[in-house]
Amino acid sequence: MKKILLSLMAVVLGTAGCFAQGMKLPDPQKTGGKSIMETLWSRASSTEFSDKMLSRQDLSDLLFAAIGVNREDGRMTSPTAANKQEIRVFVFTARGVAEYMNKEHSLRPVTQGDHRDLIAAHQEWVKSAPVILLMVADADRVGSNSERSKTMMAIDAGIVSENINLYCAGAGLVTRPRASMDDEGIKKLLSLGEGQTPLMNNPVGYPK
């Protein structure tokens, strides 16, 4: 009965429902989109987005591309140094913020409300994106916060961002990789610890 109610709620609420409560995402697709070479030719940054919210399937595929688990041993679509898997992805929308839990392929609500202004950092165009993906490096998973570890975490965040960029180019979405944001405001909002650092973000949407 609980599964039936959740399914009905998903139909009624659509993607917005994912941010009102925890919800498992649709299985990511295994086919579709442009070829690798077509995707590379299409790759570009954009600052203009439709105000249409991403479908649950597009959001599912987008998050899978970012840090999804693609093998039975738990390894991901994005490589990390020593397989530490220290990059966490948070989803910001007008309805709230959720963390992508890649092993369950689900969203875990963090807080309600529109907090995209913390990501925008005075760049108003950012807030027009219906979805913003935030990459947070978790030094606790690495076991070190040395300068070398910080460098590797920054590289890993860049790899996740490029996965997002390429998925968007191949699937007909638009995005732009960014590093500007209100770091302290975000850390407070997400209750991040000393070793957890916001590094990059990607506003994502359909073309305007």
Side-chain angles (χ1 to χ4, degrees), residues 28 36 39-40 42-47 61-92 97-105 107-108 110-111 115-123 125-126 129 131-171 173-204:
I36 291 295
T39 295
L40 290 170
S42 299
R43 215 290 314 155
S45 294
S46 178
T47 60
D61 294 346
L62 172 66
L63 291 169
F64 175 77
I67 58 167
V69 174
N70 65 355
R71 281 158 284 178
E72 291 184 359
D73 63 3
R75 293 175 188 255
M76 307 185 306
T77 54
S78 54
T80 57
N83 193 35
K84 294 297 185 180
Q85 302 190 8
E86 81 284 2
I87 304 301
R88 299 165 61 184
V89 172
F90 292 83
V91 184
F92 283 65
V97 182
E99 182 174 5
Y100 174 51
M101 312 305 289
N102 60 351
K103 290 180 174 55
E104 298 83 16
H105 193 58
L107 290 171
R108 178 185 68 82
V110 175
T111 187
H115 301 281
R116 291 174 296 173
D117 59 318
L118 293 175
I119 304 290
H122 308 299
Q123 292 185 325
W125 63 267
V126 175
V131 168
I132 304 175
L133 300 188
L134 168 69
M135 283 131 272
V136 172
D138 192 340
D140 294 341
R141 297 184 183 182
V142 176
S144 169
N145 207 14
S146 67
E147 290 305 312
R148 177 64 176 174
S149 295
K150 290 178 180 178
T151 297
M152 296 311 301
M153 288 188 287
I155 291 171
D156 290 346
I159 292 171
V160 174
S161 178
E162 187 63 356
N163 275 22
I164 294 167
N165 298 330
L166 292 177
Y167 169 75
C168 289
L173 278 66
V174 290
T175 189
R176 184 183 185 92
R178 303 175 66 251
S180 299
M181 63 189 110
D182 181 352
D183 291 0
E184 291 306 313
I186 290 170
K187 293 185 76 168
K188 182 178 180 180
L189 176 73
L190 303 181
S191 299
L192 299 179
E194 185 176 346
Q196 298 162 344
T197 307
L199 288 181
M200 294 190 68
N201 62 81
N202 274 73
V204 178

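Residue numbers count from 1 along this sequence.
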Q.
Looking at every non-hydrogen atom in both residues, tell me the closest pair between Gln196 and Arg88 and how far apart they are.
A. NE2-NH1, 3.4 Å
Q: Say whether, by atom type as modelled, one donor and one acceptor occur between the side chain of Arg108 and the main chain of Met101 under 3.5 angstrom.
A: no
Cut-off 3.5 Å, no hydrogens considered: what does the side-chain donor-acceptor table look like for residues 62-75, sequence neighbours left out?
| residue | atom | partner | partner atom | Å |
| --- | --- | --- | --- | --- |
| Arg71 | NH2 | Met76 | O | 2.9 |
| Asp73 | OD1 | Arg75 | N | 3.1 |
| Asp73 | OD2 | Arg75 | NE | 3.3 |

Q) Atom CD1 in Ile159, atom CE in Met135: separation rounded to 0.5 Å? A) 12.5 Å
Q. Quick one: ring pair (Phe, Tyr, Trp, His ring centres under 6.0 Å) partners of His115, sequence neighbours excluded?
A. none
**Q.** Main-chain N/O of Ala81 paired to Asp156 side chain as donor or acceptor, under 3.5 Å
**A.** yes
Got a list of side-chain donor-acceptor pairs under 3.5 Å for residues 164-171, not counting sequence neighbours?
| residue | atom | partner | partner atom | Å |
| --- | --- | --- | --- | --- |
| Asn165 | OD1 | Asn202 | ND2 | 2.8 |
| Asn165 | ND2 | Ser161 | O | 3.2 |
| Asn165 | ND2 | Glu162 | OE1 | 2.8 |

(Q) Once rounded to the nearest 0.5 Å, what's the spacing between atom OH of Tyr100 and atom CG of Leu134? (A) 16.0 Å
Q.
Strictly distance-based, threshold 3.5 Å: is any side-chain N or O of Arg116 a donor or acceptor partner for the main-chain N or O of Pro203?
A. no
Q) Backbone N or O of Arg176 within a donor-acceptor pair of the Ser45 side chain at under 3.5 Å? A) no
Q.
If you apply the rule salt bridge (Lys or Arg N to Asp or Glu O under 4.0 Å), what do you find for Lys150 with Glu147, and how did you get there?
A. CA-CA 5 Å; Lys150 290 178 180 178; Glu147 290 305 312; 3.6 Å; yes
Q) Where is the tightest heavy-atom contact between Pro177 and Met200, given as atom of each residue plus distance? A) CB-CE, 4.1 Å
**Q.** Test item: Arg178 side-chain N/O and Ala120 main-chain N/O as donor-acceptor pair under 3.5 Å
**A.** yes
